[in-house]
There are 2 protein chains.
Amino acid sequence: MKPVIPADEQRPRRADARRNYDRLVAVAKTAFSEQGADAPLDDIAKRAGVGQGTLYRHFPHRDALLAAVIGESIDALHARAEELLRADDPDWALLEWLRAAVAHAGTYQGLAASMMSSMYDEGSALRSSCDQMHAAGAQLMERAQRQGSARPEFDAADLFQLIAAVAWVTERSADGGQAAERLLPAITKGLLADG
Amino acid sequence: MKPVIPADEQRPRRADARRNYDRLVAVAKTAFSEQGADAPLDDIAKRAGVGQGTLYRHFPHRDALLAAVIGESIDALHARAEELLRADDPDWALLEWLRAAVAHAGTYQGLAASMMSSMYDEGSALRSSCDQMHAAGAQLMERAQRQGSARPEFDAADLFQLIAAVAWVTERSADGGQAAERLLPAITKGLLADG
DNA sequence: ACCTGAACACCGTTCAAGT
DNA sequence: ACCTGAACACCGTTCAAGT
């Protein structure tokens, strides 16, 4: 279970190009925080002080930029899963990671939607991030099914969809993340035999 | 529990205007089916043989057009709720309506997202459709909590969000509606004490 | 190898001119 | 009262010209 794509694989070698690349990622992170994952790419290029062409050279699609921006936190979520695989209670570990995953998918407005799309799109640059999340969830899920009370009829694909769904609803209800706190219990009761 | 807004309240009186109005709704229905609820309004106007200005005169926002298009099926969903309120098993009735509501919210690609947005937007023309759905769900939910096994800690707002979430995931997983069939059991087990 | 910005396509929305 | 279509704003994407 190692990161599928090292975050800086597509980081350019030439110094000026690398400078632009890094600034684009940094600026994008801010823009996504402020305006959501649909923030105009044009703005991001301008704020980073480069032409749009430069942005498109480094990141052919919005998803590529998104993938670069969330790379680190996906790795963190992955590390958290490794940690939780060694926790005593497999049910608790699964739910704990589920909460973390929902929080992650809610980092930016619109991120959950992008992840849902790219999960079913071979060509998306976000795909490997999604796969990583999927794989992390799968291990915790299987352990909770073997050693805990997780129902056998659900799988990691269901888990991924539930994560995206809860994050999506939460970002759209504008009640300050309260939706996730209400919906997660409903869902976890469904996932476990002794909710 | 009567329809909050009669569907043809904003239907114009003058014959030519009414003709345009009706054609726009009919064309929009087709366009939404084919291209999703985000189908270009320009196209719809063109296909209906009117200028964009005419479309905007009748339907100031996309939501107004959407509301007109789904009006009838919202009424049907409403009627179905009335029916199910008289069913023997309150739990079964709730779940049955839940399935119908998810199916409805999945009529067009992007409809679930529009409904989620307008539910929390006072000014949206879709708001009353959402309120209608919410109200219908509330009655079935309360009955299932009183006379069935529905857990008391969830409410109709949660129900509405779950409906939107499942419909949204389903339209985005592109596995032919299979996602709903997998996720609904997970959720209903969470809603009922004896899932 | 990389950058720039003009140019194009697309779509929502407004509005002056018309009937 | 209603209609039309040109016009504008906005944003994604491409590409010729440059370093």
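Note that this is a predicted model, so its numbers are computed, not measured. Within every chain, numbering begins at 1; the chains are lettered A, B, ... in the order of the sequence lines, protein sequences first and strands thereafter.
- When heavy atoms are screened at a 4.0 angstrom cut-off, B/His61 is found touching no nucleic acid atom at all.
- Below the 3.5 angstrom threshold, one finds a donor paired with an acceptor across the side chain of A/Gln52 and the base of D/dT13.
- When the nucleotides D/dT4, C/dG12, D/dT14 are ranked by their closest atom to the side chain of B/Val50, D/dT4 comes out on top.
- In this structure, A/Asp38 and A/Thr54 both approach DNA chain D, and ranking their closest nucleotides by distance from the 5' end singles out A/Asp38.
- Between B/Arg18 and B/Asp22 there is no salt bridge, since no side-chain nitrogen of the basic residue lies less than 4.0 Å from a carboxylate oxygen of the acidic one.
- In this structure, the CG atom of A/Leu55 is 14 Å from the P atom of D/dC11, given to the nearest Å.
- Checking side-chain atoms of B/Thr30 against main-chain N and O of B/Ala26 turns up a donor-acceptor pair under 3.5 Å.
- Spacing between atom NZ of A/Lys46 and atom C1' of D/dC10 amounts to 10 Å, rounded to whole angstrom units.
- D/dC3 atom P lies 13 Å from atom CZ of B/Arg18, rounded to whole Å.
- B/Asn20 has no side-chain polar atom (N or O) that falls below the 4.0 Å cut-off from OP1 or OP2 of D/dC2.
- The listed nucleotides are D/dT14, D/dC2, C/dC2; the one nearest the side chain of A/Pro12 is C/dC2.
- Using a 3.5 Å distance cut-off with no hydrogens or angles, the side chains of B/Thr54 and B/Asn20 do not pair a donor with an acceptor.
- Salt bridge A/Arg182/B/Glu153: absent, no basic N to carboxylate O contact under 4.0 Å.
- The shortest heavy-atom contact between B/Val69 and B/Val25 is CG2-O, 3.8 Å.
- Atom CG in A/Asp22 sits about 14 Å away from atom P in C/dC2, given to the nearest Å.
- Nearest-nucleotide positions on DNA chain C place B/Asp42 closer to the 5' end than the other of B/Asp42 and B/Arg14.
- Rounded to a whole Å, the CG atom of B/Leu24 is 13 Å from the C1' atom of D/dC2.
- For the pair A/Arg19 CZ and C/dA1 P, the computed distance is 19 Å after rounding to whole Å.
- Using modelled atom types, one finds no donor on one side chain facing an acceptor on the other under 3.5 Å when comparing B/Asp38 with B/Gln109.
- Distance from the side chain of A/Arg57 is smallest to C/dC3 among D/dC3, D/dA1, C/dC3.
- Across D/dC11, C/dC3, C/dC2, the shortest atom-to-atom separation from the side chain of A/His58 is found for C/dC3.
- Note: CD (A/Gln35) to P (D/dC10) measures 13 Å, nearest angstrom.
- Counting non-hydrogen atoms under 4.0 angstrom, A/Asp43 reaches nothing in the nucleic acid.
- Counting non-hydrogen atoms under 4.0 angstrom, A/Arg62 reaches the backbone sugars and phosphates but no base.
- Nearest nucleotide to the side chain of B/Leu41, out of D/dT14, C/dT4, C/dG12: C/dG12.
- D/dC15: Watson-Crick or G-U partner is C/dG5, with both key distances under 3.5 Å.
- Across all strands shown, C/dC10 forms no Watson-Crick or G-U wobble pair with both distances under 3.5 Å.
- Here C/dC2 presents its P atom at 13 Å from OH of A/Tyr21, a figure rounded to the nearest Å.
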